[in-house]
Amino acid sequence: MNDLTRVSISLESALLDAFDHTIVAAKGYATRSEAIRDLIRDRLIREEAERAEGEQVAVVTLVYDHHARELAARLIDKQHHHHDLVVSSLHVHLGERHCLEVSILRGPGEKVTHLGDELLATKGVLHGEITYTSDEDNLKRWQ
Ligand code: NI
């Protein structure tokens, strides 16, 4: 870390107590500052993901029933169609029916968001989400 700036903020006591208890202690942060830095980075990454112009990195999690008619094949087709954006995928058979698939997408922000949304919106996907992270250059800006 370099170029640290000390800031002072005012918070309601109850809000600070809840933060210390629910985030700092429960998540095992060494300091409150580290927890706050993570919150700020997380918010910046989310905000920037929505208007990303450069490269974007995202993790897409999908849970689906592989008995659903041609769903697995449709999901695979979509990923093959955008193979340049799909860095890697992990498939876990959760049980007799359900599959968990985690894919890492990387590429132009708009295309990554579009593919992630398309996968989540595929009929038969029961649960899922897109988690945006950031690339090397973005992360370096905040260190
Ligand atoms: Ni499976």
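Every number for a ligand or one of its atoms is a count from 1 in the order of the listing. Along the sequence shown, residues carry numbers from 1.
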Peer 1: Looking only at the side chains, is there a donor atom on one of Gln56 and Tyr132 sitting less than 3.5 Å from an acceptor on the other?
Peer 2: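 Not at all, the side chains of Gln56 and Tyr132 share no donor-acceptor pair under 3.5 Å.
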Peer 1: Nearest to the Ni ion (ligand 1), which N, O or S atom of His93 do we find?
Peer 2: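 So the atom name we want here is ND1.
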Peer 1: Quick check: does His98 put an N/O/S atom under 2.8 Å from the Ni ion (ligand 1)?
Peer 2: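 No, outside the cut-off.
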Peer 1: Going by heavy atoms in the side chains, are Val125 and Leu119 under 4.5 Å from each other?
Peer 2: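 No; the side chains remain at least 4.5 Å from each other.
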Peer 1: Report yes if some heavy atom in the side chain of Glu101 is under 4.5 Å from a heavy atom in the side chain of Gln79; otherwise report no.
Peer 2: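 Of all side-chain heavy-atom pairs linking Gln79 with Glu101, at least one is under 4.5 Å.
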Peer 1: Give a yes/no answer: is there an N/O/S atom of His66 under 2.8 Å from the Ni ion (ligand 1)?
Peer 2: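 Checking the Ni ion (ligand 1) against His66, no N, O or S atom falls under 2.8 Å.
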Peer 1: Less than 4.5 Å apart, any side-chain heavy atom of His98 and any of Leu126?
Peer 2: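 They are in side-chain contact.
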